[in-house]
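What follows is a single structure, written as structure tokens, with notes after it.
What you see below is based on every heavy atom in this structure, not just the backbone, and it leaves out hydrogens, waters and symmetry mates. All values reported here derive from a predicted model rather than from experimental measurement.
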Amino acid sequence: MSKFLSFVPLSMYNVAAFLRSQLFLLPVLLFFYQENGLSVGDFYLIQGLIVFFAFLFEIPAGYLGDIFPRKYILITAYALFLGRLFLWIFFRGFEIILIGEFFYACSKACFDSVSSSFIYDILKKNGEEKKMVKAYSNFNAAMYIGTGIAAMLGAGLYTKFGSHVLLIAEFMIYSTAILLLSFLPNAHVPAKNAVIGVKERLKKFWVAVRYILKSRKYCYLVLFSGFMVGVSHFFFWSFQPLMKSSGINPSVSLTDLADSIGWDTRVFGEAVWNYLLSLDWLDYIKVMGVVIFINNVLRSSFSYFAAAAAKRISLFKLGNISFAMEIIGCGLSFALMKAGHITPAQCLLFIIFLCVCIGLQLMFTISHISRLHRLINPKIRSLSSSVNMMTGRLLTSVMLMAPKFLLKNDGAVSGVRVIDIFWIYALIFLPIGLFFIYKIYKYNVKAAHSLMHVSDEKA
């Protein structure tokens, strides 16, 4: 029997995930919001509401997973995103943006609730469960590479064609992804006698919540993981407001350079190199598309090597490193943006450092989720995964919505600037993170049964 039975379906799944990440509007989303009359505070608020809506839809999404195979839940997730694109193509306004992002939140809840489980189902069906960390790493790498490519092209395409054309392009790409998903196997077909109602599912969900809360070896890791996810999301969504407050023009991109040389591949590499050597790095690095590209290249790299890292670094050490990096990132964000002048070298190192912080958090989360799948009570494995996901969403929504009520609006006399949010958050993050780390050390590192390494040899 072949040892690679899962290769073809997982490869198709990764391609669909790659297509899902072609979000051309992502690097200029703030500018698209402002086309519809929204402010920077509204930008933070809506990003927080997206996560909160996804949090609320988590249990209904899980219920759908009880009734239908996970393959159909994935298709539903993509279809909901198509609904968002349809609204934005034909209508404009604050309410349309909000409704569209609600569709996106439901899509995200459906996708996230089954994405890792779908991978595990395929591996389990073929007796390849030990490949979970590697398969999940490859899946994340495919998504982040796709997001990086879309981000690199998005700013230039937005300037050249406008938001309407980009929305149509995303609609066509997502339609192709749905077609690809339709060819995936039904690795998980729920038994009819296993289907339960929403009320019963709420009871079972509460059982999983109590199990996590009472099990100290899982409780603090779940809370810490959610906390770290929230901090990383705050970093990511702060890039655009920071650049906008600095008066950055999003139109600079490699597509402009490619246009100037006629997209000639024979001279493109040399032209890019010469262009970068002569470029003002301070202006270039701040361009959102390039920043997101760097971020996603690093995220995909950290995702890809998560399995190898899990064999050499314990989950506790990886969490400590990630937490320390994010606290330093908060401090650097405030200090560098507060400074009157940033040298090109400082700006480049600052951007890369924040992206490394996000990448380390992702590596920690991948290892943590893989550990949950392999150690948690099998009867509530999927529900426990939902508890972990919902914890991250809840904490993320709080961190993203808070700036709406802290930031100074145009003409207002009260409130803080965008850069001041970083040092305020750092003062809050530090004691909370240290508390979780202490509890993880006490109930996991000191416990012989904790299995803080998640390598295949210890499965």
Side-chain angles (χ1 to χ4, degrees), residues 9-10 12-23 46-47 49-88 98-122 136 139-140 142-143 146-147 170-171 173-190 194-198 201-202 204-205 208 226 229 233 365 369 373 381-394 396-397:
L10 289 183
M12 293 173 62
Y13 186 42
N14 289 342
V15 173
F18 174 86
L19 295 177
R20 179 182 184 272
S21 63
Q22 297 305 297
L23 306 174
I46 290 182
Q47 298 312 313
L49 285 174
I50 291 172
V51 182
F52 185 69
F53 289 151
F55 166 80
L56 294 178
F57 198 69
E58 182 72 30
I59 292 179
Y63 174 65
L64 293 175
D66 279 346
I67 301 176
F68 304 105
R70 294 188 175 116
K71 166 185 171 179
Y72 299 146
I73 304 304
L74 288 172
I75 293 175
T76 300
Y78 281 60
L80 284 169
F81 193 86
L82 283 182
R84 175 214 203 198
L85 295 174
F86 179 86
L87 278 177
W88 288 4
L98 191 59
I99 295 172
E101 296 294 26
F102 174 75
F103 283 172
Y104 173 63
C106 295
S107 168
K108 185 174 178 59
C110 287
F111 182 81
D112 290 345
S113 67
V114 300
S115 58
S116 62
S117 298
F118 183 78
I119 294 172
Y120 189 82
D121 289 338
I122 291 178
Y136 193 48
F139 166 76
N140 279 275
M143 285 200 300
T147 304
E170 288 184 18
F171 190 93
I173 291 172
Y174 260 72
S175 299
T176 304
I178 290 178
L179 180 63
L180 188 61
L181 287 175
S182 67
F183 292 104
L184 291 176
N186 282 326
H188 164 257
V189 180
V195 176
I196 60 175
V198 175
R201 181 168 182 84
L202 285 171
K204 291 186 67 176
F205 178 77
V229 168
H233 276 78
T365 299
I369 291 175
H373 274 293
R381 179 184 288 123
S382 60
L383 285 173
S384 298
S385 179
S386 294
V387 173
N388 180 80
M389 187 73 70
M390 291 179 72
T391 301
R393 286 200 176 112
L394 181 60
T396 298
S397 65

- Query: Would a 4.5 Å heavy-atom cut-off, applied to side chains only, mark Ile119 and Leu10 as touching?
  - Reply: yes
- Note on the structure: CD1 of Ile73 to CG of Leu181, rounded to nearest 0.5 Å, is 12.0 Å
- All heavy atoms of Met143 vs all of Ala17, minimum pair found to be CG-CB, 3.5 Å
- Message: If you compare all heavy atoms of Tyr174 against all heavy atoms of Leu19, which two are closest, and at what distance to 0.1 Å?
- Response: CE1-O, 4.1 Å
- Gap between atom CE of Met390 and atom CG of Leu394 - 0.5 Å precision: 8.0 Å
- Item | Spacing of Leu85 atom CG and Leu23 atom CG [to the nearest 0.5 Å] | 8.5 Å
- Message: Does any part of the side chain of Val114, heavy atoms only, come nearer than 4.5 Å to the side chain of Tyr72, both counted from C-beta?
- Response: no
- Does a side-chain heavy-atom distance below 4.5 Å link Phe103 with Leu82? no
- Message: Nearest 0.5 Å, please: how far is CG in Leu98 from CG in Leu87?
- Response: 11.0 Å
- How close do Ala142 and Ser21 get, heavy atom to heavy atom, and via which atoms? O-OG, 4.3 Å
- Below 4.5 Å, heavy atoms only, C-beta onward: do Tyr78 and Cys110 meet side chain to side chain? no
- Query: Taking the side chain as C-beta and beyond, is there a heavy-atom pair between Gln22 and Glu170 under 4.5 Å?
  - Reply: no
- Is there a side-chain contact between Phe55 and Ser397 (heavy atoms, below 4.5 Å)? no
- Geometric cation-pi criterion, Arg20 with Phe81: 6.0 Å, 45°: no
- Message: Measuring from atom CZ of Arg84 to atom CZ of Phe171, what distance do you get when rounded to the nearest 0.5 angstrom?
- Response: 13.5 Å
- Task: Might you point out which heavy atoms bring Ser107 and Ala77 nearest each other, and give the distance in Å?
- Result: OG-O, 2.5 Å
- Message: Can you tell me how the ring of Phe111 sits relative to the ring of Tyr13, calling it parallel under 30°, perpendicular over 60° and tilted otherwise?
- Response: tilted
- Message: Which heavy atom of Ser115 sits nearest to which heavy atom of Phe139, and what is that distance?
- Response: CB-CZ, 3.9 Å
- Approximate separation, where rounding is to 0.5 Å, of Ile173 CD1 and Ile178 CD1: 12.5 Å
- Checking Arg70 against Phe118: charged group under 6.0 Å from the ring centre and within 45 degrees of the axis? no
- Query: Where is the tightest heavy-atom contact between Leu180 and Met12, given as atom of each residue plus distance?
  - Reply: CD2-O, 3.4 Å
